[in-house]
Amino acid sequence: MSKRIFYSLLICFFALLQLSAQQKSIQGKITNEADIEGIHVLNIASRFNTITNENGHFSINVKPSDTLLFSSIKYMPEKVVVTEAIFEKGVITVKLSELLNELDEVFLQPNLSGNIAADLKKIKTEKPINFDDVGIPGFKGKPEEKIVPLYFAVTPLSVNLEALYKHISGYYKTLKTRRKWEYENNAVAQMLNYYTVPFFTTTYGISENRVYDFLLFCTETTSIESDFKNEHYGKVLLVLDEKAKIYNERIAGENKE
């Protein structure tokens with residue numbers, strides 16, 4: 001590697017370090033009129049997360065250009081970029097769109113023959129749904145992109161400048177964080193669909209507006225994702241029982257403060 005390239009990368013590295021130091025806590029508010037407590041707020045870039053209080057207020061650490069993801073069981077996921085103006089002011093307000101689960105009107109065709117194989121060929125299908133259609137954030141980048149390990153990016157015989165830059169700039173770190181979050185969020189959506197919200201409220205005493213946050217807490221601290229995926233439902237229930245006690249104690253302590 002030439003000295004010119006090396007010094008250029010070094011300058012970029014220190015510039016990024018200086019940028020990372022420009023971080024502070026901002027105050028936010030959800031402006032919807034109802035169901036504003038327990039909304040999950042995630043800084044996708046840094047992984048900082050919090051939930052709103054009974055008045056819809058929250059605080060979270062950010063840097064300029066960070067993206068905040070707002071999600072709950074009552075509202076559509078919403079992404080908001082922290083602009084320079086928001087960062088300088090230190091205040092952000094967000095209004096979320098309600099999540100409406102409506103079934104399309106169904107028409108029964110009278111010209112079915114009773115031959116399943118023949119009738120299936122007559123059925124017209126719509127285009128496949130994606131993450132946005134069902135209100136779940138999902139990774140829509142190129143799935144074939146691989147994260148090149150640093151020891152492969154720089155070798156005695158060659159230097160992969162693109163991979164090296166992605167390590168220095170934090171691109172790979174952000175990519176890993178985003179993929180981990182989306183995997184966890186999909187697992188939460190599947191568990192909510194399987195068990196339903198009333199199960200958590202009646203069995204574990206989790207308030208309805210905190211069920212989403214409770215399941216995220218479980219996925220981030222246990223192996224509940226893999227247990228649920230492998231249909232080890234006994235283990236899933238043991239995790240929920242253990243974590244519900246910890247979570248409820250934590251919430252009770254926050255309320256006293």
Side-chain angles (χ1 to χ4, degrees), residues 28-42 44 47 49-58 60 68-80 94-104 106 129-139 180-255:
K29 177 175 174 56
I30 304 299
T31 60
N32 297 70
E33 294 182 358
D35 300 315
I36 55 177
E37 182 181 4
I39 294 174
H40 194 264
V41 186
L42 171 74
I44 296 177
R47 194 60 181 169
N49 68 88
T50 186
I51 60 173
T52 57
N53 63 15
E54 65 274 11
N55 298 314
H57 294 127
F58 66 91
I60 191 168
L68 300 181
L69 175 64
F70 298 82
S71 53
S72 76
I73 60 176
K74 293 292 184 68
Y75 295 103
M76 293 285 291
E78 181 79 22
K79 289 182 179 180
V80 178
V94 179
K95 185 170 185 178
L96 303 176
S97 301
E98 290 188 23
L99 180 60
L100 301 177
N101 296 317
E102 297 181 352
L103 295 176
D104 294 333
V106 177
I129 62 175
N130 57 32
F131 289 109
D132 294 331
D133 294 328
V134 295
I136 299 174
F139 177 65
K180 182 177 185 294
W181 155 249
E182 286 159 358
Y183 180 76
E184 290 176 352
N185 190 74
N186 289 338
V188 168
Q190 291 171 14
M191 284 187 282
L192 271 174
N193 181 64
Y194 183 83
Y195 291 107
T196 74
V197 172
F199 170 78
F200 296 98
T201 59
T202 58
T203 306
Y204 302 110
I206 307 295
S207 61
E208 183 177 333
N209 57 9
R210 289 185 178 270
V211 170
Y212 191 92
D213 182 64
F214 168 63
L215 285 175
L216 279 177
F217 168 66
C218 292
T219 59
E220 290 176 349
T221 57
T222 71
S223 61
I224 193 172
E225 296 169 80
S226 60
D227 290 335
F228 180 78
K229 182 179 179 181
N230 295 321
E231 300 183 0
H232 297 156
Y233 299 123
K235 292 183 178 180
V236 171
L237 294 178
L238 287 175
V239 169
L240 293 175
D241 185 63
E242 176 189 354
K243 292 299 178 179
K245 296 174 183 176
I246 299 173
Y247 186 83
N248 285 330
E249 289 176 359
R250 188 183 73 176
I251 296 303
E254 291 178 358
N255 292 335

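Since this is a predicted model, take the numbers as computed values, not measurements.
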Undergrad: So, the side chain of N209 versus the backbone of K74: is there a donor-acceptor pair under 3.5 Å, distance only?
TA: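 Such a contact is absent between N209 side chain and K74 backbone.
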Undergrad: Are the side chain of N193 and the backbone N or O of A189 linked by a donor-acceptor pair below 3.5 Å?
TA: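 Checked: no pair found.
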Undergrad: State, to 0.1 Å, how close R250 and F217 come at their nearest heavy-atom pair, and which atoms those are.
TA: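 In terms of heavy atoms, the two residues are closest at NH1-CD1, 4.0 Å.
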Undergrad: Heavy atoms only: give me the nearest K29-F58 pair and the separation to one decimal.
TA: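 Where K29 meets F58 most closely, the heavy atoms are N-CE2, 3.6 Å.
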Undergrad: With the side chain counted from C-beta on, respond yes when Y75 and D35 share a heavy-atom pair under 4.5 Å apart, and no when they do not.
TA: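 With C-beta onward as the side chain, the pair touches.
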Undergrad: For residues P77 and L69, report the shortest heavy-atom separation together with the two atoms involved.
TA: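 That would be CB-CD1, 4.2 Å.
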Undergrad: How many angstroms lie between atom OH of Y204 and atom NZ of K245, to the nearest 0.5 angstrom?
TA: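 If I round to the nearest 0.5 Å, the distance is 10.0 Å.
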Undergrad: Do you know the tightest heavy-atom contact between L240 and L215?
TA: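 Between these two residues, the closest heavy atoms are CD2-CD2, 4.1 Å.
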Undergrad: Is the shortest side-chain heavy-atom distance between I251 and F214 below 4.5 Å?
TA: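 Answer no - side chains too far apart.
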Undergrad: For R210 and E37: C-alpha separation, side-chain torsions, deciding distance, then whether salt bridge (charged side-chain N to carboxylate O under 4.0 Å, His left out) applies.
TA: CA-CA 8 Å; R210 289 185 178 270; E37 182 181 4; 3.7 Å; yes
Undergrad: Taking all heavy atoms of K243 and all of T222, pick out the closest pair and write down the distance.
TA: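 The pair with the smallest heavy-atom distance is CE-CG2, 3.2 Å.
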Undergrad: Any donor-acceptor pair under 3.5 Å linking the side chain of T52 with the backbone of I39?
TA: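 A pair under 3.5 Å: yes.
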Undergrad: Looking at every heavy atom in both N55 and N53, which two are closest together, and how far apart are they?
TA: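 Distance-wise, the nearest heavy atoms are N-OD1, 2.9 Å.
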Undergrad: Do D213 and Y247 meet the criterion of a side-chain donor-acceptor pair at a distance under 3.5 Å?
TA: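 Judged by distance alone, the side chains do pair up.
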Undergrad: State the CG-CG distance between D227 and L238, to the nearest 0.5 angstrom.
TA: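 D227 atom CG to L238 atom CG measures 9.5 Å (nearest 0.5 Å).
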Undergrad: Using 0.5 Å steps for rounding, measure from the CD atom of E208 to the OG atom of S72.
TA: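 Rounded to the nearest 0.5 Å, the CD-OG separation comes out at 10.0 Å.
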Undergrad: Check whether any side-chain heavy atom of K79 sits under 4.5 Å from a side-chain heavy atom of I44, and report yes or no.
TA: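 Result yes, sub-4.5 Å side-chain heavy-atom pair found.
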Undergrad: Taking atom OG of S97 and atom CG of N32, what is their separation to the nearest 0.5 Å?
TA: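 The CG atom of N32 is 8.0 Å from OG of S97, to the nearest 0.5 Å.
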Undergrad: Using a 4.5 Å cut-off on heavy atoms from C-beta on, say whether the side chain of M191 contacts that of I224.
TA: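 I224 reaches M191 side chain to side chain.
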Undergrad: Working to the nearest 0.5 Å, report the span between CG of L216 and OG1 of T221.
TA: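 So the gap between those two atoms works out to 10.5 Å.
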Undergrad: Got a second to check how far D241's CG is from I246's CD1, nearest 0.5 Å?
TA: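 If we round to the nearest 0.5 Å, D241:CG and I246:CD1 are 10.5 Å apart.
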